[in-house]
Number of protein chains: 2
Amino acid sequence: MAITVELLKRFSILRDLPEPTLLLLASQAVLRKFSRREIVVDPSEQKSALCFLFEGSLQGVDFTLDGREVGLYFVRPGDFCGEVALFDAGANPEFVIALSKSQVVILPYSALESVMYESKSLIKALSQRLAYRVRELTEQRSILSLPSIPQRIHRQLWQLTGLKADNIPSNEIEIIYPPTHQEIAIMLNTSRETVTRVFQTLLAEDIVQRNGTNSLIIKQPEKLYALSNTSEK
Amino acid sequence: MAITVELLKRFSILRDLPEPTLLLLASQAVLRKFSRREIVVDPSEQKSALCFLFEGSLQGVDFTLDGREVGLYFVRPGDFCGEVALFDAGANPEFVIALSKSQVVILPYSALESVMYESKSLIKALSQRLAYRVRELTEQRSILSLPSIPQRIHRQLWQLTGLKADNIPSNEIEIIYPPTHQEIAIMLNTSRETVTRVFQTLLAEDIVQRNGTNSLIIKQPEKLYALSNTSEK
DNA sequence: CATAACATGTGACTGTCATCACGTAAAATT
DNA sequence: AATTTTACGTGATGACAGTCACATGTTATG
């Protein structure tokens, strides 16, 4: 399926690129649909591609020897993934799988390798993206170090809101397509049951509210924030 | 203290840069000594610098709200750190502190910002470095997901050897300036006492051996590797 | 619309390890 | 050489959360 420059401009990393570069990239990109649980980025693949998420949701995951799944990060529409192996001979460090039916713009490395170091704005955007990934992984590592598991869950939920500490709305906000308890559990090194139990408490205290499968309402963001920052058990 | 091009060439990321670029960088770099526990990279600093470790050892750390220290990575001589904030307006995501008396070549961002996107080999090296950081953080995340804490410690020790699974020597090898139990504990989300107890077991089974403060002998690398990969409890 | 597949809820049980408290050993500093 | 600081060693205790087992909702899908 053909990709237009307009479509590429929906992705912030590409938005500011010069028109000729965008045209070149668009001509080599394809749109692909992925069904639930399908693998989008496979680290064992030799030739890989940048994957821009147009619709749906993805998760970066790793696997331990015993087959246990490890959650690394979520990919939301407008975001992209699969960039790590673009820079050297190494492979991508993780799988990316579709959490729900998703549409992804596939841009093969081969389309980029020849131009990425020539276009200052492109390489700048790409390296900024890597810097962002490092920050994100560090942030997640810091959540993992929280001694209390309920607190980890509160923090992760807070993270999913995308809110900043200096701008907490008093009214409720919505998280669309929230991850399942299992998907949250593997991000936080905990078990699904524990996530369920913590959610029960949050529901009981009227801090969050379920709203069908693909919407979660944070009724009291300030309370959630407070919980994610209290070190008392 | 003045820096020579020769000195810069000791660092693999700079080695292949053209001579004029190296001269330019050398003229703006300084050598600084850090004593134990001193802060090398401070995320709250506005203007930062790349820090090339010439001698000693550093650790990237983060702090939780309750003041608990979180270990992120170790920096060994020849390596460098402080590169994340170079790419955008954001700050470095973590502290880097000196674990022992260290000598560091300080290269201010200002020396790089004007040239980094112009020199293809430089920006390439820098972005490859970021890709490496992402891989390293992912690897560490995967260690953290191991359900058994002793196994985490075995894996971390194995990591410190720098050995690859496809090349395990049958003779003993040495880890110089090994981290303290405390420093290992904060990397693995565990307590110092637990690290001590696991080391006691390894000593008893003659798999490792202490050799003064700043040397640890892995007497049986293959056994350590086996332990780091057995999922039985 | 029936049935399978998946997501969530809940109780009981148990092992592991964090924490506390202290002792010893080895450096570092004076 | 004396003293302080830092690293390591070890036992006792208790809480937390992982695991198992199963029930109940809820969403796909033929």
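Reckoned from all heavy atoms, side chains included, excluding hydrogens, waters and symmetry mates. Everything numeric in this text was worked out from a predicted model, so none of it was measured. Every chain is numbered from 1, with letters handed out A, B, ... down the list of sequences.
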Calculate the interatomic distance between B:Ile184 atom CD1 and D:dA7 atom P; express it in whole Å.
-> 13 Å
Check: A:Gln140/A:Gln156 side-chain N/O donor and acceptor closer than 3.5 Å = yes
Under 4.0 Å between any heavy atoms, over every strand shown, what does B:Pro179 touch: base, sugar-phosphate, or nothing? Just pick one.
-> nothing
Residues in ring-ring contact (aromatic ring centres under 6.0 Å, His included) with A:Phe54, at least two apart?
-> none
Go through the structure and list residues passing ring-ring contact (aromatic ring centres under 6.0 Å, His included) with B:Tyr132, not counting sequence neighbours.
-> none
Pair listing, ring-ring contact (aromatic ring centres under 6.0 Å, His included) test, anchored in residues 186-220 of chain B, at least two apart | B:His181-B:Phe199
Contact residues, residues 199-209 of chain B to DNA chain C [heavy atom, < 4.0 Å] | none
Figure out the CG/P separation between A:Asn189 and D:dT19, and round it to whole Å.
-> 11 Å
Atom pairs, N/O to N/O, protein against nucleotides 1-6 of chain D, distance under 3.5 Å?
none

Please list, chain by chain and in numerical order, all residues satisfying ring-ring contact (aromatic ring centres under 6.0 Å, His included) with A:Phe95, sequence neighbours excluded.
-> A:Phe63
Would you mind telling me which of C:dC17, D:dG9, D:dA17 lies closest to the side-chain atoms of A:Ile149?
-> D:dA17
Separation of D:dA7 P from B:Tyr177 OH (nearest whole Å) | 16 Å
Basic-acidic side-chain contact under 4.0 Å: A:Glu38, A:Lys101 | no
Have a look at A:Arg37 and say if it touches a base, only the backbone sugar-phosphate, or nothing, with a 4.0 Å heavy-atom cut-off.
-> nothing
Closest nucleotide of DNA chain C for A:Pro147 versus for A:Glu183: which of these residues is on the 5' side?
-> A:Glu183
Letter per nucleotide, 5' to 3', of nucleotides 20-30 of chain D [B base touched, S only sugar-phosphate touched, - untouched; heavy atoms, 4.0 Å] | BB-----S---
What pairs with B:Ala98 under side-chain contact (heavy atoms from CB on, under 4.5 Å), at least two apart in sequence or on another chain?
-> B:Phe34, B:Val40, B:Leu58, B:Ser102
B:Leu99 CG to D:dA7 C1': how many Å, rounded?
-> 14 Å
If you look at every heavy atom in B:Tyr73 and B:Glu136, which pair is closest and at what distance?
-> CB-OE1, 4.0 Å
Taken to the nearest whole Å, CG/A:Leu146 to P/C:dA18 is 15 Å
Taken to the nearest whole Å, CG/A:Leu188 to C1'/D:dA17 is 14 Å
Quick one: label A:Arg68 by what it contacts on the DNA or RNA (base, sugar-phosphate, nothing), any heavy atom closer than 4.0 Å.
-> sugar-phosphate
Kindly say whether A:Pro147 contributes a backbone atom to a donor-acceptor pair with the side chain of B:Arg68 at under 3.5 angstrom?
-> no
With sequence neighbours excluded, tell me which residues meet side-chain contact (heavy atoms from CB on, under 4.5 Å) with B:Asn189.
-> A:Arg141, A:Leu144, A:Ser145, A:Arg152, B:Leu144, B:Arg152
Once you round it to whole Å, what is the distance between C1' of C:dA18 and CD1 of B:Ile186?
-> 16 Å
Shortest non-hydrogen contact from B:Ser228 to B:Gln151?
-> O-NE2, 3.6 Å
Please work out if A:Arg210 contacts a base, only the sugar-phosphate, or nothing of the nucleic acid, heavy-atom cut-off 4.0 Å.
-> sugar-phosphate
Whole Å only: how far is the CD atom of B:Glu69 from the P atom of C:dA18?
-> 16 Å
Answer whether the closest heavy-atom distance between the side chains of A:Val105 and A:Phe11 falls below 4.5 Å.
-> yes
The side-chain contact (heavy atoms from CB on, under 4.5 Å) partners of A:Asn167 (sequence neighbours excluded) come to none
Terminal axes of the helix from C:dC1-D:dG30 to C:dT30-D:dA1 (5 end pairs apiece), angle rounded to 10 degrees, sit apart by 60°
Return yes if some donor-acceptor pair links the side-chain N/O of A:Glu183 with the main-chain N/O of A:Thr180 below 3.5 Å, else return no.
-> yes
Has B:Thr194 got a side-chain N or O lying under 4.0 Å from the OP1 or OP2 atom of C:dA18?
-> yes
With sequence neighbours left out, which residue pairs that include part of residues 49-60 of chain A fulfil the side chain to side chain donor-acceptor pair (under 3.5 Å) condition?
-> none
